[in-house]
Amino acid sequence: MSADNFGVAGLGVMGRNVALNIERNGFPVVAYNRGDENAQRMRDESVGKNVTVTQSIEELVSLLDPPRRVLLMVTAGAGTDRVIDALLEYLEPGDVLIDGGNSHFPDTDRRAKRLQQAGLHFVGCGISGGEEGALWGPSIMPGGNFEAYERIAPVLEKIAAKTDDDGACVTYCGRHAAGHYVKMVHNGIEYGIMQLICEAYDILRSAAGMSTDQIQGVFQKWTASPKVGGFLVDITAQCLAKSDDQTGDPLVEKILDTAGQKGTGKWTAQTALDLGVPIPTLSQAVNARILSGLKQARVEASGVLMGPGAECEQDRERLVATLHSALHLAMVASYAQGLHLIQAASKEYDFGTDLAEVARIWKDGCIIRSRLLDPIKQAYRQDPEMENMLLHPSFSAIVNESLQDLREAVEIANRGGVATTCLGATLAYLDSYRSEFLPANLLQALRDNFGAHTYRRLDMDGVFHTQWNR
Ligand code: 6PG
């Protein structure tokens with residue numbers, strides 16, 4: 001076996017595809033899966049290739065040249081700990097273990113500490129791009145021990161997506177659990193943008209009464225837009241174009257309107273609350289999914305709770321232009337919120353994350369790749385410490401240009417009784433962020449009134465308490 005070999009444990013579709021990608025790029029792969037079915041699939045898919053599928057973890061480790069490199073591609077959670085436990089019996093000091101799943105970042109911290117005690121290096125590594133990306137070039141977000149990263153970087157650089165102008169979509173995201181943190185926020189942004197797209201679709205469908213074909217035409221045009229163009233708009237156009245084999249109708253019209261989730265969006269919302277960073281667009285996307293899950297209750301409520309249902313009075317061309325501009329701004333705000341959160345987490349948890357690099361590696365390979373990421377990268381290159389990119393001239397110009405359209409889009413939806421969980425949250429976020437004065441003066445008075453929580457004044461220093469009922 002060559003000294004360049006690489007281990008992959010966990011051979012679901014993502015694991016198999018990453019293994020094939022690694023092998024295609026010149027590194028012999030030693031692969032292992034606990035169940036036989038996926039191990040057999042790996043054997044079938046790698047006939048004639050430099051992939052050895054082993055029967056046991058012991059054999060996997062024995063076939064790798066020390067210091068070893070093993071990539072775990074296991075569904076995040078208890079399964080990851082089980083494989084780590086098994087690997088720990090055989091791995092030796094100096095070996096590098098990479099967790100390529102969507103693990104929750106506190107778990108990554110815990111595992112890194114545990115492995116460190118055994119003299120092993122642990123790299124928590126986000127991998128984005130779905131099945132296709134895993135095979136042909138994902139965006140890769142590794143973090144943790146830098147020396148360990150350097151040992152795996154040549155492989156990661158080969159297998160990652162390549163931008164035309166900006167290199168491979170992989171970078172060292174920072175110390176500790178930075179890799180999984182960045183991937184988690186990537187997913188939070190993914191939730192936000194997907195929900196925004198769904199709301200634009202809903203306004204066209206429910207407020208403007210457009211057919212799925214007509215809406216498909218709108219998204220098809222937007223795929224070429226420098227403002228909203230990107231992977232998620234591309235696949236929206238694709239989904240809306242697909243016909244149902246059974247009926248010939250658009251397939252989306254046949255799909256149940258409840259969406260599940262695996263946790264990364266919720267974790268993004270939770271950590272943002274912990275760190276006190278406002279990310280309402282991303283958090284509301286989680287609420288939108290939860291509400292979508294209340295199907296039975298919604299069916300009942302739709303017969304009891306009445307809404308306006310007014311038709312949109314704008315002509316369609318103008319409405320589409322308004323929505324395009326609104327979606328553009330809301331997408332900008334989604335990236336701004338996510339990157340603000342990573343910036344805050346980097347300080348709090350000592351990640352040392354380079355935000356320009358994060359934007360660069362999201363330019364291709366990942367689910368949230370879009371044309372906006374290049375200007376975002378440039379803005380963070382100019383000002384790496386900026387707290388919120390909305391104040392950078394490139395993006396404040398977009399806010400000033402498009403806020404009225406976002407307002408109009410939300411008003412149209414509100415008049416039609418169409419829920420704008422994320423568009424509305426984005427508008428409120430932007431209106432709050434640009435407000436010199438918010439009504440928290442009254443809030444402070446209320447807190448002081450019932451709980452003697454005290455307040456501060458605009459016109460003098462100090463902390464005050466008032467007997468409000470006298
Ligand atoms: C990716 C995706 C991928 C997956 C998430 C979200 O970057 O390739 O984000 O990781 O889509 O697990 O899944 P849920 O929507 O089920 O939470």
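Whatever order the structure lists ligands and atoms in, that order sets their numbers, starting from 1.
A salt bridge does not link Asp354 to Arg360: none of the charged nitrogens lies less than 4.0 Å from a carboxylate oxygen. Taking a cutoff of 4.0 Å between a charged side-chain nitrogen and a carboxylate oxygen, Arg205 and Asp202 qualify as a salt bridge. Salt-bridge check for Arg110 with Asp81: passed, with a basic side-chain N closer than 4.0 Å to an acidic carboxylate O.
Remark: side-chain polar atoms of Lys262 are not paired, donor with acceptor, to backbone N or O of Asn102 under 3.5 angstrom.
In this structure, the protein non-hydrogen atom closest to atom 5 (C) of ligand 1 is Asn187 ND2, 3.4 Å. In terms of protein heavy atoms, atom 12 (O) of ligand 1 is closest to Asn102 ND2, 3.2 Å.
Distances from atom 11 (O) of ligand 1 to the heavy atoms of Met184, Lys262, Glu190, Gln261 show the closest one on Glu190.
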Hey, mind stepping through Gln378 and Arg381 against side-chain hydrogen bond (donor to acceptor under 3.5 Å, both in side chains) and telling me if it holds? CA-CA 5 Å; Gln378 286 171 25; Arg381 282 259 155 93; over 6 Å; no

Yes or no on ring-ring contact (aromatic ring centres under 6.0 Å, His included) for Phe6 and Phe27, after CA distance, side-chain angles and deciding distance? CA-CA 7 Å; Phe6 212 90; Phe27 304 93; 7.1 Å; no

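In terms of polar-atom proximity, defined here as any N/O pair under 3.5 Å, Gly130 does make such a contact with ligand 1. At least one N or O atom of Arg289, backbone or side chain, sits closer than 3.5 Å to an N or O atom of ligand 1. Among the atoms of Gly129, some N or O lies under 3.5 angstrom from an N or O of ligand 1.
Here is the list of ligand 1 atoms found below 4.0 Å of a heavy atom in Tyr191: 14 (P), 15 (O), 17 (O). Short contacts between ligand 1 and Ser128, defined as distances under 4.0 Å to a heavy atom of the residue, involve ligand atoms 1 (C), 7 (O), 8 (O). Close contacts between ligand 1 and His186 involve ligand atoms 7 (O) [criterion: under 4.0 Å to a heavy atom]. Ligand 1 places these atoms under 4.0 Å from at least one heavy atom of Ile367: 1 (C), 2 (C), 7 (O), 8 (O).
In this structure, NZ on Lys266 lies 8.5 Å from NE2 on His104, to the nearest 0.5 angstrom. Expressed to the nearest 0.5 Å, how far CG of Leu251 lies from OG1 of Thr247 amounts to 8.0 Å.
The closest approach between a heavy atom of Cys366 and any atom of ligand 1 is not below 4.0 Å.
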